[in-house]
*Asks:* 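There's a structure below that I have some questions on.
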Amino acid sequence: MPAQTRRMSFPKVVIERDTDSEESSSDDEGGDIVVEEEEEEEVVEPKYGEVEEEEEEKLAMKKKPITLSLKKVCKVCKKTGHEAGFKGATYIDCPMKPCFLCKMPGHTTMTCPHRVATEFGVVPAPRRNTHNSLDYVFERQLRPRIPKMKPEFIIPDQVSCAVIRYHSRRVTCLEFHPTNNNILLSGDKKGQLGVWDFGKVHEKTVYSNIHGCILNNMKFNPRNDGTVYSGSSDGTAGCTDLETGLSFSLMNLNPNGWQGPSSWKMLYGLDINSEKGVVLVADNFGYLYMIDMRSNNRTGEPILIHKKGSKVVGLHCNPIQPDLLLSCGNDHFARLWDMRRMETGSSLYDLAHKRVVNSAYFSPVSGSKILTTAQDNRLRVWDSIFGTLDTPSREIVHSHDFNRHLTPFRAEWDPKDPSESLVVVGRYISENYNGAALHPIDFIDITTGQLVAEIMDPNITTISPVNKLHPHDDVLASGSSRSLFIWTPKEKSEVQKPADEKKIILCGKADKKTKKKFGDDSDSDDDGFSKKGKQSKSKKPYLGSPQLVIKQESYKSKSSKKH
DNA sequence: ACTTCATGGCACC
DNA sequence: TGGTGCCCCTGAAG
């Protein structure tokens, strides 16, 4: 392309005519100006005789001599007078764009009210008093499960062990073993399944022949916790034995192979209804499939549950009421279904969102609340599925933007919190912590919208979109890029294991930066044995801190810590 | 300290 | 309704 090479020959200069011509600067992508001197102007004589496609542009150039003005240009809006981008570890927004956090115009992320005080972003619940029969059922059967007093939240805020670059692609999902407390499963973008015993740290395996691409969701078999079900973008649902790594396919939606993108089916949402003995999976065309767990055969026909042609990214069965199913997808809806009447258009409720819904979960104890994560940077909470669901009870502004290169963020309940108010979710936007731009993991009280804690580690500079709280222990697992981290509460880990016994395993090839950060001194280390306790001894971790430092105060020194 | 690339949602026509 | 081009905080590799 001649136009391309021509453009490349002066990438750092914006050509501006004396008059305020729009076209001159707007179509040049590489037009960032880094030269300071604004007063320096140069008159350039246009060259004649060149044969090029842009005839009009040439003609325009012939008319007037053009000047090269060396001004600073914002890389976002291409206008002068300001610049967006990192200034040290602080990101400066382009003032011409709506706020990156709350998406409202008129201010930037730095001055966004939601950044300073998260509770500001909460839309309070309208008073509801329906007094219908469902309310009666709720009050009688479910309310007693929810304690009146909110317990103190225990926050796993310190990295106790980690596997760095465990996967060869970014982590997409995590699952704790339901009975063996130290086993963490992780899926990745390549379709591989990791089994890690973080209690023994170095005991880890990666099964690579289960799926061909993205492992989107997985769930343990409730009847045999030695096996997991998984759904993948390769269009198959599989069942894998964790001991042997042997898996068999339950369903293949692309039996004829690749016939082009318009027909290639991918499986996203997955859950298990143990009461009914079915595995539920959903595809990228809006359909739900059910597989009988005993016969491993499909039951019934696929059902269109979201807009035709749209991705169904999440399925969740109600933990208490087996007839209730929650789905969510790219058609900007989360939908509540009665399993006894699964037909297109027969959903009990359609919960509208402004953008794609990354996840929708029932609350883990009573199953009566709904929490969704949407790509409009808002968490939404419905306090009771037995009331009217027309509008969410609360909307909490939180930075978890969509980025095609990241696993979509999903806010996850704390299954151990009987009050069903603590939620964990990774934060997209970075904060300047001691000179480093870090992306914390947030704990939010969804009854108030307040930030309970933000946890980060100076060694984790990547975003952590995948987080899961342990079903029994005070443990958080997070997936950040290709690495996994296990967090435990500070007090506990200090008593149990001193900081210098922190176990970090570095897998695969490590670049200089990673080596420096985690103190590795070899290129490859897949056995993981040699790294035990090494990093704290000689090599200086990132930021020069003698050990991992976790900051637990809230945003901007404003303490919103609960209790 | 650069560039490149992978590749999802969505606005816009 | 389908194609196309754009995109602000990525992360890894070269």
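Computed from a predicted model, the values in this text were never measured in an experiment. Any value given below was found using the heavy atoms of this structure, including those in side chains, with hydrogens, waters and symmetry copies removed. Order of the sequence lines sets the chain letters (A, B, ...), proteins ahead of strands, with each chain counted from 1.
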*Asks:* Figure out the NE2/P separation between A:H167 and C:dA12, and round it to whole Å.
*Replies:*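 That distance rounds to 14 Å.
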*Asks:* Within the 4.0 Å heavy-atom criterion, would you say A:K308 contacts the bases, only the backbone, or no part of the nucleic acid?
*Replies:*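 No contact at all - A:K308 keeps every heavy atom at 4.0 Å or more from the nucleic acid.
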*Asks:* Contact class for A:Y428 vs. all strands (heavy atom < 4.0 Å): base, sugar-phosphate, or nothing?
*Replies:*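 Sugar-phosphate: the residue A:Y428, judged by heavy atoms under 4.0 Å, touches backbone atoms but no base.
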*Asks:* Taking the side chain of A:R355 as heavy atoms from C-beta outward, which of B:dC10, C:dG11, C:dA13 is closest to it?
*Replies:*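 When the side chain of A:R355 is considered, B:dC10 is the closest of B:dC10, C:dG11, C:dA13.
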*Asks:* For the pair made of NZ in A:K75 and P in B:dT3, what is the distance, rounded to whole Å?
*Replies:*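 About 12 Å, once rounded to whole Å.
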*Asks:* Using atom CG of A:L406 as one end and atom C1' of C:dC8 as the other, report the distance to the nearest whole Å.
*Replies:*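 Answer to the nearest Å: 13 Å.
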*Asks:* Over how many whole Å does the gap from A:M110 atom CE to C:dC8 atom C1' extend?
*Replies:*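 About 15 Å, once rounded to whole Å.
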*Asks:* To the side chain of A:S481, which of B:dC10, C:dC9, C:dG11 is closest?
*Replies:*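 Comparing B:dC10, C:dC9, C:dG11 against the side chain of A:S481, the answer is C:dG11.
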*Asks:* So, do A:Y91 and C:dC8 meet the stacking rule of ring centres under 5.5 Å and planes under 30°?
*Replies:*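 Stacking between A:Y91 and C:dC8: absent.
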*Asks:* Is A:K87 close enough and on-axis enough to A:Y91, meaning under 6.0 Å and within 45°, for cation-pi?
*Replies:*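 Negative - A:K87 is either too far from the ring of A:Y91 or too far off its axis.
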*Asks:* Would you kindly give the CE-to-C1' distance between A:M266 and B:dG8, to the nearest whole Å?
*Replies:*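 Whole-Å distance recorded here is 10 Å.
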*Asks:* With no hydrogens and no angle check, is any side-chain donor or acceptor of A:K204 less than 3.5 Å from a backbone partner on A:V201?
*Replies:*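 Side chain of A:K204 to backbone of A:V201, a donor-acceptor pair under 3.5 Å: no, none is there.
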*Asks:* At under 4.0 Å between heavy atoms, what does A:K189 touch on the DNA or RNA strands: base, sugar-phosphate, or nothing?
*Replies:*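 Counting heavy atoms under 4.0 Å across all strands, the contact made by A:K189 is with sugar-phosphate only.
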*Asks:* With respect to the side chain of A:K311, which nucleotide from C:dC9, C:dA13, B:dG8 is positioned closest?
*Replies:*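 Minimum distance to the A:K311 side chain belongs to B:dG8.
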*Asks:* Just to be sure I understand the rule, does A:S430 reach a base, reach only the sugar-phosphate, or reach nothing, if contact means heavy atoms closer than 4.0 Å?
*Replies:*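 Base contact.
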*Asks:* Establish, yes or no, whether a centroid distance under 6.0 Å links the rings of A:W413 and A:H316.
*Replies:*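 A:W413 vs A:H316: aromatic centres not under 6.0 Å.
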*Asks:* Might you confirm whether atom NZ of A:K307 has over 12 heavy atoms from other residues, nucleotides or ligands at distances under 6.0 Å?
*Replies:*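 No, NZ of A:K307 has 12 or fewer neighbouring heavy atoms, counting only those of other groups under 6.0 Å.
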*Asks:* Please pick, from C:dT10, C:dA12, B:dG8, the nucleotide with the shortest atom-to-atom distance to any side-chain atom of A:F402.
*Replies:*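 Among C:dT10, C:dA12, B:dG8, the one nearest the side chain of A:F402 is B:dG8.
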*Asks:* For A:L325, run the side-chain contact (heavy atoms from CB on, under 4.5 Å) check against A:I305, A:L336, A:L288, A:D271 and tell me which one passes.
*Replies:*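 The single option meeting the side-chain contact (heavy atoms from CB on, under 4.5 Å) with A:L325 is A:L288.
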*Asks:* Which nucleotide sits closest to the side chain of A:V76: C:dG11, B:dA11, C:dC8?
*Replies:*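 Closest nucleotide among those given: C:dC8.
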*Asks:* Let's see if you can work this out: which of C:dA13, C:dG11, C:dC9 has an atom nearest to the side-chain heavy atoms of A:R482?
*Replies:*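 Shortest atom-to-atom distance from the side chain points to C:dA13.
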*Asks:* In whole Å, what is the span from the CG atom of A:N403 to the P atom of C:dC9?
*Replies:*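 Rounded to the whole Å, the gap is 6 Å.
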*Asks:* Among the candidates C:dC9, B:dC10, C:dG11, find the nucleotide nearest to the side-chain atoms of A:H332.
*Replies:*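 Within the option list, the nearest is B:dC10.
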*Asks:* Can you establish whether the number of heavy atoms outside A:Q259 located under 6.0 Å from its atom CD is more than 12?
*Replies:*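 Yes, because the 6.0 Å sphere around CD of A:Q259 holds more than 12 heavy atoms from other groups.
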*Asks:* Is the aromatic ring centre of A:H405 closer than 5.5 Å to the centre of the six-membered base ring of C:dG11, with the two planes inclined by less than 30°?
*Replies:*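 One would not call A:H405 stacked on the C:dG11 base.
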*Asks:* Base, sugar-phosphate alone, or nothing: which one does A:P98 contact when heavy atoms must sit under 4.0 Å apart?
*Replies:*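 Since a base atom lies under 4.0 Å of A:P98, the category is base.
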*Asks:* What nucleic acid atoms does A:D93 come within less than 4.0 Å of, heavy atoms only: base, sugar-phosphate, or nothing?
*Replies:*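 Base contact.
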*Asks:* Expressed in angstrom and rounded to an integer, what is the separation of A:R165 atom CZ from C:dT10 atom P?
*Replies:*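 Roughly 16 Å, once rounded to whole Å.
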*Asks:* Calculate the interatomic distance between A:R404 atom CZ and C:dG11 atom P; express it in whole Å.
*Replies:*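 Rounded to the whole Å, the gap is 14 Å.
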*Asks:* Does A:N330 make a side-chain N or O approach to OP1 or OP2 of B:dG9 shorter than 4.0 Å?
*Replies:*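 The answer is yes; a side-chain N or O of A:N330 sits under 4.0 Å from OP1 or OP2.
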